[in-house]
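Below is one structure, written out as structure tokens; the observations come after it.
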Protein chains: 2
Amino acid sequence: MSANLRQVAERAGVSVRTVSNVVSGFALVAPETRERVQRVIDELGYKPNAAARHLRGGRSGLVALVLPEIASPYFGELAGLLADRAGAHAWTLLVQQTGGDAARERELLDGVRSQTVDGLIMSPWGLSPSDLTRRTDSAPLVLLGEQDADGLLDHVAIDNVVAAADLTRHLIQTGRRRIAAIGLQSHLVNGTAARRAEGYRQALADANLPAREIPVRRLHRADGAAAMTELLTSDVDAVFCFSDQLALGALHVAVASGRRVPADLAVAGFDDIEDGRFANPALTTVAPDKPAIADAALTCLADRLANPGAPPRRLVVPHRLEIRASTTTGS
Amino acid sequence: MSANLRQVAERAGVSVRTVSNVVSGFALVAPETRERVQRVIDELGYKPNAAARHLRGGRSGLVALVLPEIASPYFGELAGLLADRAGAHAWTLLVQQTGGDAARERELLDGVRSQTVDGLIMSPWGLSPSDLTRRTDSAPLVLLGEQDADGLLDHVAIDNVVAAADLTRHLIQTGRRRIAAIGLQSHLVNGTAARRAEGYRQALADANLPAREIPVRRLHRADGAAAMTELLTSDVDAVFCFSDQLALGALHVAVASGRRVPADLAVAGFDDIEDGRFANPALTTVAPDKPAIADAALTCLADRLANPGAPPRRLVVPHRLEIRASTTTGS
DNA sequence: CTGAAAGCGCTAACAC
DNA sequence: GTGTTAGCGCTTTCAG
């Protein structure tokens with residue numbers, strides 16, 4: 001147990017009020033008093049008790065990041081950026097995994113560890129819009145990804161329809177005609193995959209090309225590998241995967257089974273995870289501006305905390321196409 | 001602001017004591033009283049205030065995971081396992097990134113956010129043994145990786161010397177003779193890379209083969225790529241990278257520059273991250289038992305909390321060789 | 001089995 | 001400029 005305010009005060013011969021002033025950098029302390037108190041603080045190794053501050057002030061300095069799985073590269077990269085940038089708001093990040101399970105998501109939505117956090121940044125997979133709007137907890141919430149919660153909640157996302165259409169057009173422009181999509185997730189309420197499918201279909205329809213959609217259960221490499229195995233018997237000349245992980249699984253199977261990528265088959269992904277840049281061949285992908293997502297989420301949370309009554313915002317973050325060797329030869 | 005104990009008590013016509021008993025599942029409450037109180041709790045949506053509990057009880061239910069970067073696949077996978085298993089100890093995980101910076105590590109060592117956490121699980125990179133043993137904070141600490149802190153601290157690790165020797169022997173047994181190692185980090189105090197180098201050298205010495213060691217600054221794919229680029233001009237027939245990330249970078253450069261892997265060049269890594277399993281070709285690696293690492297770290301922390309005076313332990317976790325296509329043809 | 005009350009460490013309103 | 005003190009919400013000792 002370390003020293004507390006009162007002990008510091010006694011030892012420095014001042015009141016707790018003065019010590020509190022020194023600790024919190026409050027101005028009205030005589031310089032010599034301040035110095036004396038500071039010396040005692042250092043001597044005793046005094047550190048303010050966060051629990052007491054939290055109880056008193058109502059702010060814990062903690063923000064929960066609630067996501068399906070931290071081990072997934074996309075979420076890992078995002079978590080890293082959020083953790084780094086949280087400091088600027090005097091926040092520390094707390095991680096909660098849901099495995100994409102709706103019940104677990106609902107539970108976390110309504111009080112992560114009973115009111116410990118100042119706010120939540122959440123990437124839901126299994127929640128319906130009504131789950132999201134019907135929550136009882138009052139901690140500010142910012143959603144990652146497009147959520148369709150009737151504009152009632154703050155959220156941060158790229159424009160998935162446009163992004164998917166951009167990538168599909170790139171495949172068409174480089175001569176592909178039989179373009180399959182891997183990554184539909186009809187069992188999920190989450191709209192992200194649906195939006196990407198929409199962009200994919202639009203671009204194909206504009207070019208009068210047929211769509212071919214392979215659903216998956218999860219977005220792991222193994223799911224991409226399984227989907228690709230299924231596709232090997234068909235005559236597709238390109239696959240557009242709705243995540244880089246799916247794409248890396250698909251790429252692995254395609255290469256292992258002797259397909260030449262990109263000569264015989266183009267493979268593209270979504271997310272721009274680091275693995276994709278060093279894949280063989282390097283993976284073409286949609287690159288969301290992840291630092292911008294992290295900043296937007298934190299700022300949005302801070303704004304909401306400062307102004308609870310403000311209307312909810314939908315923040316659209318930029319993305320760009322990252323064209324690499326998995327879809328283009330030479331050039 | 002949600003309801004507190006007193007409001008529940010008033011509304012249920014009992015004392016706070018009784019409500020507290022109901023909430024904490026304490027036995028001595030008349031069944032009908034319990035039921036009535038529970039009804040009010042549900043009605044008011046009462047949730048215990050964590051700050052007050054922490055202040056009163058001294059436990060926050062929070063454990064800090066302090067690591068170089070959460071976005072690195074190895075740490076991401078570990079964090080996921082820790083987050084999942086933390087629940088079994090009624091803990092929530094809080095993440096702090098250090099970027100491997102010694103000053104930041106030292107700062108976190110001595111009071112992550114001023115005594116908010118019940119304990120720390122830390123993977124230090126830049127800290128010296130004396131930094132580690134000379135800390136002032138009293139929160140229990142468990143180190144990940146071999147730390148050489150004179151046996152004064154709890155730590156969890158695989159046997160890196162044996163593991164590296166195992167892998168090197170595998171390369172020798174499959175006919176490699178000019179085996180380079182990528183991943184020395186002489187600028188770091190951290191002993192992990194040094195231990196792996198030791199195992200590598202031992203195995204080579206036993207077979208009367210020469211060592212060739214390439215140092216790196218970090219363990220990222222880009223560093224592995226740079227090291228491999230350097231090695232392309234030489235005549236090595238195998239590279240053993242001290243992390244899978246390094247290996248994936250090396251593999252990328254080797255394949256991109258036309259080397260046939262494994263025919264011309266074998267590539268092996270360390271950590272068994274998921275990317276490696278789906279690389280082209282799939283990456284041979286040392287697979288530490290990550291779930292066991294997570295469990296050992298949490299259990300060790302819990303034990304230390306329960307028994308602060310117990311002698312520090314060094315927990316050695318199993319590993320195994322994962323032989324894949326990047327080092328062996330056919331078989 | 002239930003009630004009253006102390007006190008965890010801090011901040012801030014109120015004195016001086 | 002500095003001191004005193006109430007009270008944040010909870011657990012737990014002590015009475016009853």
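Quick note on labels: first sequence line is chain A, next is B, and so on, each numbered from 1. No hydrogens, no waters, no symmetry mates; every other heavy atom, side chains included, goes into these values.
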Please list, for nucleotides 12-16 of chain D, all pairs of protein and nucleotide N/O atoms separated by less than 3.5 Å.
| from | atom 1 | to | atom 2 | distance (Å) |
| --- | --- | --- | --- | --- |
| D:dT13 | O4 | B:Arg17 | NH1 | 2.8 |
| D:dC14 | N4 | B:Arg17 | NH1 | 3.4 |

Under 4.0 Å from OP1 or OP2 of D:dG9: is there any side-chain N or O of B:Asn4 that close?
yes
For residues B:Leu315 and B:Cys300, report the shortest heavy-atom separation together with the two atoms involved.
CD1-CB, 3.9 Å
Atom CG of A:Leu5 and atom P of D:dG3: how far apart are they, to the nearest Å?
13 Å
Can you name the residues that form a side chain to side chain donor-acceptor pair (under 3.5 Å) with A:Arg36, not counting sequence neighbours?
none
The side chain of A:Ala30 lies closest to which of these nucleotides: D:dG1, C:dT2, D:dG9?
D:dG1
As a test of reading the structure: which of D:dC8, C:dC10, C:dT2 is closest to the side chain of A:Pro48, going by heavy atoms?
C:dC10
Nearest whole angstrom, please: distance from the C1' of D:dC8 to the CG of B:Asn49.
8 Å
Rounded to the nearest 0.5 Å, how far does CZ of A:Arg304 lie from CG of A:Leu153?
9.0 Å
With nearest nucleotides of DNA chain C determined for B:Thr18 and B:Ala52 from heavy-atom distances, which residue corresponds to the more 5′ nucleotide?
B:Thr18
By salt bridge (charged side-chain N to carboxylate O under 4.0 Å, His left out), A:Arg85 pairs with (sequence neighbours left out) A:Asp295
A:Leu44 CG to C:dG9 P, in whole Å, measures 13 Å
Let me know the distance between NZ of B:Lys47 and P of D:dC8, rounded to the nearest Å.
20 Å
Taking side-chain contact (heavy atoms from CB on, under 4.5 Å) as the test, write out the residues that go with B:Arg104, two or more places apart.
B:Gln96, B:Thr98, B:Asp101, B:Glu107, B:Leu108
Whole-Å distance between D:dC8 C1' and B:His54 NE2?
15 Å
Whole angstrom is fine here: how far is it from CZ in B:Arg6 over to P in C:dT2?
20 Å
Sequence neighbours excluded, which residues qualify as side chain to side chain donor-acceptor pair (under 3.5 Å) partners of A:Asp84?
B:Gln97
What is the distance from CG of A:Leu55 to P of C:dG7, rounded to the nearest Å?
17 Å
All side-chain contact (heavy atoms from CB on, under 4.5 Å) counterparts of A:Gln7, not counting sequence neighbours:
A:Ala3, A:Asn4
So does B:Thr33 get a side-chain nitrogen or oxygen closer than 4.0 Å to the phosphate oxygens (OP1/OP2) of C:dT2?
yes
Value in whole Å for how far the C1' atom of D:dG9 lies from CZ of B:Arg59
19 Å
